[in-house]
Amino acid sequence: MKQRTFAMIKPDAVSAGYTGQIIELIERNGFAILDMYKTTLSKQAVEVFYAVHKERSFFGEMVDFVISGPVILLALEKENAIADWRTLIGATDPVKASVGTIRKQYGKNVGSNAVHGSDASETAEQELRLFFPN
């Protein structure tokens, strides 16, 4: 059964010109891109998006980073989309990410790690509704 997930190419990867390579990896790994657009997110939208981390010390820094420039938002679909996307993007810390993952290739550090991926079906549904309401 096909599953949908949410993906974001973050400002660091967009500004470095990695968007095309990341989209190519997405498609090469069997994901269908159902919808995609480039935007600069508002502080309010990112605060809602990362609300689960609101009490953490890095919350403000994370919000400021995501609103610092354009991002690419994607709705992806394939069998086991959530788990497969998490595998393709790799560990949060690019240093610890496996060779061949997006974060290993394009991430700089834990904060500037190129991409976001939903971690569970509930999160994916929530994130997709937030950015792809139709």
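Since we're looking at a predicted model, the values are computed, not measured.
- Leu73 has its side chain within reach of Leu41: a pair of non-hydrogen atoms, C-beta onward, lies under 4.5 Å apart.
- No side-chain donor-acceptor contact under 3.5 Å links Ser98 to the backbone of Thr101.
- Between Leu25 and Tyr106, the closest side-chain pair of non-hydrogen atoms falls below 4.5 Å.
- Counting heavy atoms from C-beta on, the side chains of Thr39 and Pro70 never come closer than 4.5 Å.
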Using the rule given for side-chain contact (heavy atoms from CB on, under 4.5 Å), can you reason through Val71 versus Thr40, listing the C-alpha separation, both sets of side-chain angles and the distance that settles it, and then say yes or no? CA-CA 6 Å; Val71 296; Thr40 301; over 6 Å; no
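- Relative ring orientation between His116 and Phe6 is described as tilted, the plane-to-plane angle lying within the 30° to 60° band.
- Residue pairs meeting the side chain to side chain donor-acceptor pair (under 3.5 Å) criterion with at least one partner in residues 9-19, sequence neighbours excluded, are Lys10-Asn113.
- A donor-acceptor contact shorter than 3.5 Å links the side chain of Asn109 to the backbone of Ser112.
- Of all heavy-atom pairs between Ala75 and Leu128, the closest is CB-CD2, 3.7 Å.
- Across all non-hydrogen atoms, the minimal contact from Phe59 to Lys54 is CD1-CA, 3.5 Å.
- A 4.5 Å side-chain heavy-atom check between Lys104 and Pro94 finds every atom pair outside the cut-off.
- Note on Val115: it clusters hydrophobically with Ile33, by side-chain heavy-atom contacts below 4.5 Å among ILVMFWY residues.
- Side-chain atoms of Leu76 and Leu34, non-hydrogen and from C-beta on, never get closer than 4.5 Å to each other.
- Using a 4.5 Å heavy-atom threshold, the side chains of Thr92 and Arg103 count as touching.
- For the residue pair Ala13 and Ala114, the shortest heavy atom distance occurs at CB-O, 3.7 Å.
- Pairs engaging residues 72-100 under the salt bridge (Lys or Arg N to Asp or Glu O under 4.0 Å) rule: Arg4-Glu77, Lys78-Asp84 [sequence neighbours left out].
- The CZ atom of Phe132 lies 9.0 Å from the CE atom of Met36; values are rounded to the nearest 0.5 Å.
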Give the intermediate values and the outcome of ring pair (Phe, Tyr, Trp, His ring centres under 6.0 Å) for residues Tyr50 and Phe58. CA-CA 11 Å; Tyr50 281 131; Phe58 57 82; 8.5 Å; no
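- Applying the salt bridge (Lys or Arg N to Asp or Glu O under 4.0 Å) test to residues at least two apart or on different chains, the pairs with a partner in residues 17-43 are Glu24-Arg28.
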Where do Thr123 and Val52 land on the side-chain contact (heavy atoms from CB on, under 4.5 Å) test, with the steps shown first? CA-CA 10 Å; Thr123 313; Val52 67; over 6 Å; no
For Leu74 and Ile72, run side-chain contact (heavy atoms from CB on, under 4.5 Å): C-alpha distance rounded to whole Å, both residues' side-chain angles, the deciding distance at 0.1 Å, then the answer. CA-CA 7 Å; Leu74 304 102; Ile72 309 294; 4.0 Å; yes
Please walk me through it: do Tyr37 and Phe131 pass ring pair (Phe, Tyr, Trp, His ring centres under 6.0 Å)? CA-CA 10 Å; Tyr37 65 99; Phe131 295 115; 7.6 Å; no
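- Residue Val46 comes nearest to Ile67 through the heavy atom pair CG2-CG2, 3.5 Å, listed as atom of the first residue, atom of the second, then distance.
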Using side-chain contact (heavy atoms from CB on, under 4.5 Å), reason through Val66 and Met8 one step at a time and then give a plain yes or no. CA-CA 10 Å; Val66 175; Met8 177 193 304; 4.0 Å; yes
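- Under the 4.5 Å side-chain heavy-atom criterion for grouping Ile, Leu, Val, Met, Phe, Trp and Tyr, Leu88 is connected to Ile22 within one hydrophobic cluster.
- Between the Trp85 side chain and the Ile26 main chain, no donor and acceptor come within less than 3.5 Å of each other.
- Within 6.0 Å of CD on Gln21 lie more than 12 heavy atoms contributed by other residues, nucleotides or ligands.
- Closest heavy-atom contact between Ser118 and Ala124: OG-CA, 3.3 Å.
- Taking the side chain as every heavy atom from C-beta outward, Thr87 and Asn29 never approach each other to under 4.5 Å.
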